Colleague: 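Once you've had a glance at the structure underneath, I'll fire off some questions.
Order of the sequence lines sets the chain letters (A, B, ...), proteins ahead of strands, with each chain counted from 1. Any value given below was found using the heavy atoms of this structure, including those in side chains, with hydrogens, waters and symmetry copies removed. Keep in mind that what you see is a predicted model, and the values were worked out from it rather than measured.
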Amino acid sequence: MLVVTEKGSVAIAISKAISPSPKTFALKGHILDLDFPEEYNNWRTIDPKELFKAPVKWVVRDFKTYRNLKEVLKNLNGPLILATDNDYEGELIAYEVLQLAKSARNQVKYMRMRFNSTATNELRDAWTRLEPDLNWGWVWKAYFRSKFDLVTGATYTRLLTLSARKNRYPYKLLSWGSCQIPTLWFIYTREMEIRNFKPETYYELKAILNVKGVEVEVFSKPIKDRSQAISLYEKVKDVKEATVSSFESEFFSEHRPLPTDTDVMLQELTKILGISGAKIMSLAEELYADGFISYPRTQTNMWIRMNHKYVLDMLSNTPLSKYVRSGVFQPKNGRKNDNAHPPIYPVKPYLYDDAKGKIWSYIARRYVANVASKDALLKRWRLDVHLKDVAMNNMGRYIIDDGFYEVFPYFKPKDLSQIPEVKPGEFLPVLKVELMEKKTKPPSRLTESDLLKLLEKNGIGTDATRHEYPSKIIARGYAGKKRKTFIITQLGERLIQLLENVNGQLVTPETRRFVEQIMGEVELGKRTVDEALNYALNVYSDLYAKLEAYIRSAKLIL
DNA sequence: GCAAGGTC
């Protein structure tokens, strides 16, 4: 018997949960890759469009794992248990193992072990109900994605790269992919919004009031018309008292943060540290490999069977000890669960003040904020007054009790203004009245955090891959970073314009939605994988023909 | 030399 898992941690969990411990073999993700046969590798002699009809084959990507596994499979006695992750990429990995097994021996008896967490009970339960076969809907769904991305990526990348070179543009590589190009498109559309923005002038009256000894500013509504603004100003500029129309205030809670998943970690840390998500992810993986934090790739933001006492005891020997109220824990849960990994939490102290230390500290502080802190208590207020018959107002908020902001201060609100309570009908001395000329402002450029949120919202990439795309488009020369925000390059801009002139489906998030939609149809058996690939690749081969014709007629305008 | 998806 042999149990094959997708990664080491699962192999260890299975050996511990099942007795007697079965023999396990841990993969490191995929072992095989789809690729074109070698004769298609010559970019000069093969017309890229031939790749739409070209066969694809499985090639070995990790020879060491491949050889070891094949050796073990040759000597296998009893069934092969496929215990990869319970998702469609896991199903494809199981299929890869099955192919290896079939090439290593005549007869393969296999079972699928399916579990949604590595908790002992769950694994034991899964062990008693091994399934007789793979979920082929999932296998073909993942296979579809893999082949579609390969064929479209290769054809468009080669066409763009070769055309540019033919026109003596010195680009090394002009790549196209169903995730990287929509990522660039978000930066492009924001750039266009900024460039097409026409600032509009408007006016506001500002009055400074003395509210029981505290200076408070109030503002009129924006006024578009200049002469109207001036006449209102003339009316109120010498008014000595404002009358309170209403004053409202109320307490409210700012909830402590949810347990940390990968998406939220990258969105917040790119903001806090100003370094790329890709870099943060690789540092987080080092922290994980060295045992300082739990597994950093997770979509779970709820706690299930978690020993908080152990973590809090560990933290009470660190500089964070003053925030750890021993014995008190009241974690707040989110609703997401990937059924494989817990939220990210600190495992042992990492106390250096380098980039890794800042990441560890963020994870540890967010953990304490979530598990052993209180919600923050704030008060918000709104003051409405009138000067003669001109209505003016302002609103604000301030903190009453810091709560979790003490340990997790990164996003603590600033610009807090306190104000004494007043009653309707009260008169407030006016210290000054001003007429202000203002201009509407364009939207700001996207930060990496904004970009990652957009990718998540639009279903582009997965939680494990999303952070790669912002870095990838910079590496390709399509965009750069300026003061922590993304700015499109001339090359990136021209590339998007070229593709968009041919068809929006080559650049917008629709590109990825199209893929996901057909993946769903394959999973449900509405289309066979062959029909689906035939259909989807035909759509993209027609678009390819249009792009090629456009490039030829325009002599490539990149 | 192309993609996006796993995992280290």
Side-chain angles (χ1 to χ4, degrees), chain A residues 4-11 26-36 38 40-52 54 56 59 61-62 64-65 84-97 138-139 141-165 171-183 262 281-291 295-298 338 340-341 455 459-469 471-473 475-476 506 511-512 515-516 519 536-537 540 544:
Chain A
V4 180
T5 67
E6 189 164 320
K7 52 194 162 233
S9 60
V10 176
L27 304 173
K28 291 170 220 154
H30 288 283
I31 350 162
L32 303 178
D33 224 351
L34 274 188
D35 205 356
F36 299 109
E38 263 170 35
Y40 288 88
N41 286 347
N42 189 323
W43 289 35
R44 285 186 302 112
T45 56
I46 299 289
D47 186 333
K49 69 163 127 346
E50 284 186 43
L51 298 176
F52 281 112
V56 291
V59 296
R61 66 159 75 194
D62 175 352
K64 203 171 154 204
T65 307
T84 48
D85 289 357
N86 189 20
D87 52 38
Y88 57 85
E89 289 296 333
E91 214 70 11
L92 185 60
I93 293 171
Y95 175 59
E96 294 166 21
V97 175
W138 273 7
V139 172
K141 177 186 188 177
Y143 182 91
F144 170 84
R145 182 208 54 71
S146 179
K147 182 167 173 185
F148 177 87
D149 284 338
L150 169 68
V151 174
T152 53
T155 49
Y156 284 85
T157 299
R158 289 191 194 182
L159 172 64
L160 290 167
T161 307
L162 293 172
S163 307
R165 282 190 207 154
Y171 306 124
K172 274 206 292 288
L173 189 66
L174 290 182
S175 61
W176 185 96
S178 62
C179 290
Q180 52 177 278
I181 291 298
T183 304
T262 307
M281 205 55 214
S282 85
L283 292 172
E285 285 182 1
E286 286 177 27
L287 285 168
Y288 164 69
D290 296 333
Y295 193 69
R297 281 188 293 263
T298 173
D338 66 12
H341 303 288
L455 296 181
I460 292 165
T462 68
D463 59 311
T465 61
R466 211 166 283 133
H467 64 268
E468 295 174 8
Y469 304 114
S471 294
K472 179 160 273 169
I473 59 176
R476 292 285 188 265
L506 293 175
T511 313
R512 196 65 202 172
V515 182
E516 301 281 337
M519 282 165 69
L537 290 177
Y540 273 79
Y544 177 97

Colleague: Could you list the residues that satisfy salt bridge (charged side-chain N to carboxylate O under 4.0 Å, His left out) with A:Lys49, not counting sequence neighbours?
Modeller: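 Checked A:Lys49 against salt bridge (charged side-chain N to carboxylate O under 4.0 Å, His left out); matches are A:Asp47, A:Glu548.
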
Colleague: In this structure, how many angstroms lie between the C1' atom of B:dC2 and the CZ atom of A:Arg44, rounded?
Modeller: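 A:Arg44 atom CZ is separated from B:dC2 atom C1' by 17 Å.
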
Colleague: Which nucleotide in the list B:dA4, B:dT7, B:dA3 gets nearest to the side chain of A:Arg145?
Modeller: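 In terms of side-chain proximity for A:Arg145, the closest of B:dA4, B:dT7, B:dA3 is B:dA4.
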
Colleague: Name the closest nucleotide to the A:Cys179 side chain, picking from B:dG6, B:dC2, B:dA4.
Modeller: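 The answer is B:dA4.
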
Colleague: Taking only N and O in the side chain of A:Arg476, is any of them less than 4.0 Å away from OP1 or OP2 of B:dA3?
Modeller: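 Yes, A:Arg476 has a side-chain N/O under 4.0 Å of OP1/OP2 on B:dA3.
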
Colleague: So if I take every side-chain heavy atom of A:Leu173 and compare against B:dT7, B:dA4, B:dC2, which nucleotide ends up nearest?
Modeller: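 Of B:dT7, B:dA4, B:dC2, B:dC2 is nearest to the side chain of A:Leu173.
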
Colleague: Of the nucleotides B:dG1, B:dA3, B:dA4, which has the atom closest to the A:Thr161 side chain?
Modeller: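 Among the listed nucleotides, the one closest to the side chain of A:Thr161 is B:dG1.
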
Colleague: Please tell me if A:Arg158 has a side-chain N or O lying less than 4.0 Å from either OP1 or OP2 of B:dG1.
Modeller: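 Looking at the OP1 and OP2 atoms of B:dG1, neither is under 4.0 Å from any side-chain N or O of A:Arg158.
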
Colleague: Among A:His467, A:Arg466, A:Glu468, find the residue that satisfies the side chain to side chain contact (heavy atoms under 4.5 Å, CB included) test when tested with A:Met281.
Modeller: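 Answer to the side chain to side chain contact (heavy atoms under 4.5 Å, CB included) test with A:Met281 among A:His467, A:Arg466, A:Glu468: A:His467.
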
Colleague: Can you name the residues that form a salt bridge (charged side-chain N to carboxylate O under 4.0 Å, His left out) with A:Glu516, not counting sequence neighbours?
Modeller: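 Once residues adjacent in sequence are excluded, the partners of A:Glu516 under the salt bridge (charged side-chain N to carboxylate O under 4.0 Å, His left out) criterion are A:Arg512.
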
Colleague: Report the distance from atom CD of A:Glu285 to atom C1' of B:dT7, rounded to the nearest whole Å.
Modeller: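 Between C1' of B:dT7 and CD of A:Glu285: 8 Å.
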
Colleague: Just compare B:dA3, B:dG6, B:dC8 and give me whichever is closest to any side-chain atom of A:Thr465.
Modeller: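 Nearest to the side-chain atoms of A:Thr465, counting from C-beta on, is B:dG6.
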
Colleague: Let me know the distance between OH of A:Tyr156 and P of B:dA3, rounded to the nearest Å.
Modeller: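 Atom OH in A:Tyr156 sits about 15 Å away from atom P in B:dA3.
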
Colleague: Under 4.0 Å from OP1 or OP2 of B:dT7: is there any side-chain N or O of A:Lys7 that close?
Modeller: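 Yes.
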
Colleague: Mind checking the CG-CZ spacing from A:Leu92 to A:Arg145? Nearest 0.5 Å is all I need.
Modeller: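 Here the interatomic distance stands at 7.5 Å.
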
Colleague: Are the ring of A:Trp43 and the six-membered base ring of B:dG1 within the stacking cut-offs of under 5.5 Å and under 30°?
Modeller: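 Per 5.5 Å and 30° rule: yes, stacked.
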
Colleague: Please tell me which of the listed nucleotides, B:dT7, B:dA4, B:dC2, lies nearest to the side chain of A:Ser175?
Modeller: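 The listed nucleotide nearest to A:Ser175's side chain is B:dC2.
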
Colleague: Where the side chain of A:His30 is concerned, which of B:dC8, B:dG6, B:dC2 is the nearest nucleotide?
Modeller: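 Nearest to the side-chain atoms of A:His30, counting from C-beta on, is B:dG6.
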
Colleague: Can you label the angle between the A:Tyr540 ring and the A:Trp176 ring as parallel, tilted or perpendicular, going by 30° and 60°?
Modeller: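 The arrangement is tilted - the two ring planes meet at 30° to 60°.
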
Colleague: Could you check whether A:Ser146 gets within reach of a base, just the sugar-phosphate, or nothing at all, counting any heavy atom under 4.0 Å?
Modeller: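 Base: the residue A:Ser146, judged by heavy atoms under 4.0 Å, touches a nucleobase.
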
Colleague: Is any N or O donor-acceptor pair between the side chain of A:Asp35 and the base of B:dC2 shorter than 3.5 Å?
Modeller: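 Yes, the side chain and the base share a sub-3.5 Å donor-acceptor pair.
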
Colleague: Tell me which nucleotide among B:dC2, B:dA4, B:dC8 gets nearest to the side chain of A:Asp149.
Modeller: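 Among the listed nucleotides, the one closest to the side chain of A:Asp149 is B:dA4.
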
Colleague: Can you tell me if the side-chain N/O atoms of A:Thr462 get under 4.0 Å from OP1 or OP2 in B:dG6?
Modeller: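 Answer yes for this pair, as a side-chain N or O of A:Thr462 is under 4.0 Å from OP1 or OP2.
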
